[in-house]
Amino acid sequence: MPYYRVVGEVPRKRHVQFRRPDGGLYAEELMGEEGFSSDSSLLYHRYLPTAIVKAEAVTPTVETRLEPNLPLSPRHFRTQELSSAGDLVTGRMLLAGNGDVRLSYATSDRPSELYRNSMGDECVYVQGGRVRFESTYGVIGAGEGDYVVIPTGTIHRWVPDGQVSVLAIEAAGHIRPPKRYLSQYGQFLEHAPYCERDLRSPAEPFTVEGEEVPVLVRTRGGLSRLVYRNHPFDVVGWDGYLYPFAFNIDDFEPIVKKTHAPPPVHQTFEGPGFVVCSFCPRPLDFHPESVPIPYNHHNVDSDEFMFYVGGDYSARKGSGIDIGSISLHPAGFTHGPQPGAVEAVIDAVSRGITTTSEKAVMVDTFRPLDLGQGALSCEDTGYAWTWSR
Ligand SMILES: [Fe+2]
């Protein structure tokens, strides 16, 4: 996706004979998007990536049913109340979703099994803890504040070092940096809030020996488990534009205005039917008469799903929202700061406060979000009425 990289050993030309030390051929695998018409990488395996010995259907262990947001309401979900339901893949508690994206929360200290999501890219935000992301491309060490973006079809697993909590954003397509920040050839432009140097990707191949290795595979049809004859982590080298990478929210360089800037300045990624935004600590708006807090707004084409991950989010003061909370402000409802929040922030500015410490991850979807059982099980049902107090 982001730019050309080469890791490990690759032959001088693509699609030529590339031999192992024992004289046998490495097996080439092209991972490519949009039917040979978009970004791709070529991986070189010790063993055939096609060799499977068994396939079985798998029943999900957590509830994946969604129900409409009816009666239409702004919602507050307290992920602080959710406990582990498995590993960071099978234990994902579905919070919200639609045909474009599924949003889940998971917390776990156990390694996941090998997993391949063949429905779309994933962007996994690490809320807390340290975790090792292992994949056919190599390893990425991730921790608090990292977005780990995983291309469709990448076989990988999560190995936590202690308790790890994540928000999993599962797309039905590809997740990319916003197009307006890229040159026509894909380089980040100077006005972009981050660039290539901020992206971390595997630096060397990662190989594991093993036979009869199960891989959980998610497709539109459901979940399956395929057993591979040899361990899929057998890649000695790869090159291309398509690979997993991590980006830390603290490396996002906020864009500020003299008066209040709307969320597109916080946009970090885009996917089909949604965007991901990072609200980061930054200077407050600096017009002498500015109201440095969001104005009431009704984004008629969006549902706003906001995960509060750090600092103090002044617009939500008095609403019960805390670190670990998620608010959902759907289309059909005009939302804005809680009563008294505007006056409080103007007062703070008059006392010399010039910065905000807020940190939040927002997913704006262009189709309504339905609600999952994970969210409904930790809902603060009084939230909708907090503007009327
Ligand atoms: Fe909003």
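In the model, Y313 has no side-chain atom that pairs as donor or acceptor with a side-chain atom of T356 under 3.5 Å. There is a side-chain donor-acceptor pair under 3.5 Å between Y115 and E122. A donor-acceptor pair shorter than 3.5 Å can be found between the side chains of D121 and T152. Y105 and Q127 form a side-chain donor-acceptor contact under 3.5 Å, judged by distance and modelled atom types alone. Side-chain contact annotation: S325 with D322, donor-acceptor N/O pair under 3.5 Å absent.
In summary, R130 and E144 do not engage in a salt bridge, as defined by a charged side-chain N under 4.0 Å from a carboxylate O. Salt bridge annotation for E29-R14: absent, with no cationic side-chain nitrogen under 4.0 angstrom from a carboxylate oxygen. Salt bridge absent: R180 and E270 never bring a charged side-chain N and a carboxylate O closer than 4.0 Å.
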Apply side-chain hydrogen bond (donor to acceptor under 3.5 Å, both in side chains) to Y44 and E9, showing your working. CA-CA 8 Å; Y44 293 88; E9 279 185 88; over 6 Å; no
Would you please test Y137 and S41 for side-chain hydrogen bond (donor to acceptor under 3.5 Å, both in side chains) and show each step? CA-CA 10 Å; Y137 292 87; S41 283; 4.7 Å; no
Might you work through the side-chain hydrogen bond (donor to acceptor under 3.5 Å, both in side chains) test for T107 and S84, ending with a clear yes or no? CA-CA 5 Å; T107 181; S84 183; 5.9 Å; no
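Applying the salt bridge (Lys or Arg N to Asp or Glu O under 4.0 Å) test to every pair with at least one member in residues 245-255, sequence neighbours left out, gives these pairs: D250-K359. Applying the side chain to side chain donor-acceptor pair (under 3.5 Å) test to pairs two or more places apart or on separate chains, those with a residue in residues 378-389 are R75-E379, H76-D380, H329-Y383, Q338-T386. Among pairs with a residue in residues 150-169, those fulfilling salt bridge (Lys or Arg N to Asp or Glu O under 4.0 Å) read E134-R157, at least two apart in sequence or across chains. The list of salt bridge (Lys or Arg N to Asp or Glu O under 4.0 Å) pairs with a residue in residues 297-314, not counting sequence neighbours, reads D312-K317. Judged as a salt bridge (Lys or Arg N to Asp or Glu O under 4.0 Å), the pairs with a partner in residues 194-216 (not counting sequence neighbours) are, in order, R46-E209, D146-R200.
With sequence neighbours left out, the ring pair (Phe, Tyr, Trp, His ring centres under 6.0 Å) criterion links F77 to no other residue. Partners of S290 according to the side chain to side chain contact (heavy atoms under 4.5 Å, CB included) rule, which considers only residues two or more places apart in sequence or in another chain, are D285, H287, P292. For Y194, the ring pair (Phe, Tyr, Trp, His ring centres under 6.0 Å) test picks out F188, F247, with sequence neighbours left out. Looking at residues two or more places apart in sequence or on another chain, you find a side chain to side chain donor-acceptor pair (under 3.5 Å) between Y4 and D239. Legend: residues meeting ring pair (Phe, Tyr, Trp, His ring centres under 6.0 Å) with H15, ordered by chain and number and at least two apart, are absent.
Closest of all the heavy-atom pairs between G129 and V126 is O-CG1, 3.8 Å. Looking at every heavy atom in both residues, H266 comes nearest to T268 through O-OG1, 3.1 Å. Counting all heavy atoms, side chain and backbone alike, R5 lies closest to P202 at NH1-O, 2.9 Å. When all heavy atoms of N296 and G336 are compared, the pair lying nearest together is OD1-CA, 3.2 Å. Nearest heavy-atom pair across M93 and G374 is CB-CA, 4.2 Å. Pairing each heavy atom of M306 with each of A360, the nearest pair is SD-CB, 3.5 Å.
The 12-atom threshold is exceeded at CD of E34, counting heavy atoms of other residues, nucleotides or ligands nearer than 6.0 Å. Within a 6.0 Å sphere centred on NZ of K257, other residues, nucleotides and ligands contribute more than 12 heavy atoms.
Residue L371 forms a side-chain contact (heavy atoms from CB on, under 4.5 Å) with just one option from N69, L66, L95, L94, and that option is N69.
A donor-acceptor pair under 3.5 Å is formed between the side chain of S108 and the backbone N or O of G86. With hydrogens and angles disregarded, a donor-acceptor distance shorter than 3.5 Å links the side chain of H298 to the backbone of G332. Within the 3.5 Å criterion, the main-chain N or O of C280 finds a donor-acceptor partner in the side chain of R282. Here the side chain of T79 pairs a donor or acceptor atom with the backbone of G324 at under 3.5 angstrom. A donor-acceptor contact shorter than 3.5 Å is absent between the side chain of T365 and the backbone of V363. Using modelled atom types, one side-chain atom of S319 and one backbone atom of R316 make a donor-acceptor pair closer than 3.5 Å. In this structure a side-chain-to-backbone donor-acceptor pair under 3.5 Å is missing from S165 to G128. At distances below 3.5 Å, not a single donor-acceptor pair connects side-chain atoms of Q187 with backbone N or O atoms of L182.
Both I175 and Y243 sit in one connected hydrophobic cluster of ILVMFWY residues. Membership requires side-chain heavy atoms under 4.5 Å apart, directly or through other members. Both Y3 and L43 belong to a common hydrophobic cluster when Ile, Leu, Val, Met, Phe, Trp and Tyr are linked at side-chain heavy-atom distances under 4.5 angstrom. A single hydrophobic cluster is seen to contain both V148 and V166, as judged by linkage of ILVMFWY side chains at heavy-atom distances under 4.5 Å, directly or through other members.
Applying the under-4.5 Å side-chain rule to Ile, Leu, Val, Met, Phe, Trp and Tyr, the cluster around V291 extends to I293, V342, V345, I346.
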Cut-off 3.5 Å, no hydrogens considered: what does the side-chain donor-acceptor table look like for residues 215-222, sequence neighbours left out?
{"from": "R218", "atom 1": "NH1", "to": "E170", "atom 2": "OE1", "distance (Å)": "3.1"}
{"from": "T219", "atom 1": "OG1", "to": "G221", "atom 2": "N", "distance (Å)": "3.3"}
{"from": "T219", "atom 1": "OG1", "to": "G222", "atom 2": "O", "distance (Å)": "3.3"}

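Centroid-to-centroid, the aromatic rings of F206 and F233 come within less than 6.0 Å. Taking the six-membered ring for Trp and the full ring otherwise, Y181 and H191 have centroids separated by under 6.0 Å.
Counting only heavy atoms from C-beta outward, the side chains of F333 and S73 never approach each other to under 4.5 Å. At a threshold of 4.5 Å between non-hydrogen side-chain atoms, the residues W158 and V124 count as touching.
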